[in-house]
There are 2 protein chains.
Amino acid sequence: MLLDHLAIESNGVPIYVQLRAQIAAALGRGALAPGARLPTMREVAVALKIDLNTVQRAYAELERDGLITLTRGRGSFVTHTPPREARAGVRETADRLAAQAAAQARAAGIGLDELTAALARLKAAR
Amino acid sequence: MLLDHLAIESNGVPIYVQLRAQIAAALGRGALAPGARLPTMREVAVALKIDLNTVQRAYAELERDGLITLTRGRGSFVTHTPPREARAGVRETADRLAAQAAAQARAAGIGLDELTAALARLKAAR
DNA sequence: TGTATTGTATGGTAAAACTCATACAATGGC
DNA sequence: GCCATTGTATGAGTTTTACCATACAATACA
């Protein structure tokens, strides 16, 4: 379920931006098939303990970008013809995050191999 | 030059967050060697047409994370890598950094697998 | 037809982000 | 010692984000 993969961090990044990015990435990954129904705005608001208006803003921008369609009374659905660039930004973002982590590691005297091992441990702990 | 790799987008992410992330990523890719001098806060502010205080906030957080050191009158410099056996808690530190990176990735909709793959790409690119 | 569901919209409040202007303080070079 | 450079700091004012409460409008369904 998509709701389980959503989580808001207090990084300085606005909540609606985080939400928009996470849903966009999930769609680009194919986690939800075209035509599939997204969780209700109210469901997301309750689950993440954020405001309905904040969710609405994220959903509205996803619709503006052509990723989802909103229909009052019915719900929100994945578009059947998603834009190509949906998947493009994911790799860029991942590379940027990896480089950031590498910088932190170097400053702490941690090698890339040790960081990789730590990531593997984290993955195993789930 | 680092300045050329900096660009601010109007995507809702606070400017100081974008700047901090981009500089950190550049350091992680090895764009600047340890000990190298960063562009002046004022240079960045002028080049990106943003406020000096905004740059200062980004630089300050990079210093708090140990990535750079700030010296009044001299400038900002990439911190030197500490000696390898300097600390006993290498593993704990690595785990902490990994968890941090994972949280950042999660906020951006990036999964552990994608982050690991990106880290492998970065390692290969050296 | 009625009614619950779901997206859409508005007004008010608080906090954060950003800019602008100005000033202070340490460093290095003349 | 003088002075330009560079980081550090403060305060005022505007914009953006987020929350809360409330209400409206379209859809689906018993």
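Here the structure is a predicted model, which means the values were calculated and not measured. Note on naming: letters A, B, ... go to the chains in the order of the sequence lines (proteins, then strands), and numbering restarts at 1 for each one.
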For every nucleotide of nucleotides 2-13 of chain C, 5' to 3': is a protein heavy atom under 4.0 Å from its base (B), only from its sugar-phosphate (S), or from neither (-)? ---BBBBBB---

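- Summarising the geometry, the separation between CD1 on Ile50(A) and P on dA15(C) is reported as 20 Å, rounded to the nearest angstrom.
- Look at Glu61(A) and Arg57(A) and you find a salt bridge, because one of the NZ, NE, NH1 or NH2 atoms lies within 4.0 Å of a carboxylate O, short of that distance.
- A salt bridge is defined here as a Lys NZ or Arg NE, NH1 or NH2 lying under 4.0 Å from an Asp or Glu carboxylate O, and Lys123(B) with Asp113(A) meets this definition.
- Between the CG atom of Leu19(B) and the C1' atom of dA17(C) there is a distance of 14 Å, rounded to whole Å.
- Across all non-hydrogen atoms, the minimal contact from Arg106(A) to Leu67(B) is NH2-O, 4.1 Å.
- No donor-acceptor pair closer than 3.5 Å links the side chain of Gln104(B) to the backbone N or O of Leu97(A).
- Contact check on Arg91(B) versus Glu114(A) returns no salt bridge, with no Lys/Arg side-chain nitrogen under 4.0 Å from an Asp/Glu carboxylate oxygen.
- Per the geometry, CG belonging to Asp51(A) stands 13 Å off P belonging to dT22(D), to the nearest Å.
- Rounded to whole Å, the distance from CZ on Phe77(A) to P on dA26(D) is 18 Å.
- Rounding to whole angstrom units, CD1 of residue Ile15(B) and P of dT14(D) are separated by 18 Å.
- Side-chain atoms of Gln18(A) and Asn11(A) include no donor-acceptor pair closer than 3.5 Å.
- Put simply, CG on Leu48(A) is 10 Å from P on dC19(D), counting in whole angstrom units.
- Within the structure, a side-chain polar atom (N or O) of Tyr16(A) is placed less than 4.0 Å from OP1 or OP2 of dT17(D).
- Between the CD atom of Glu9(A) and the P atom of dA18(D) there is a distance of 14 Å, given to the nearest Å.
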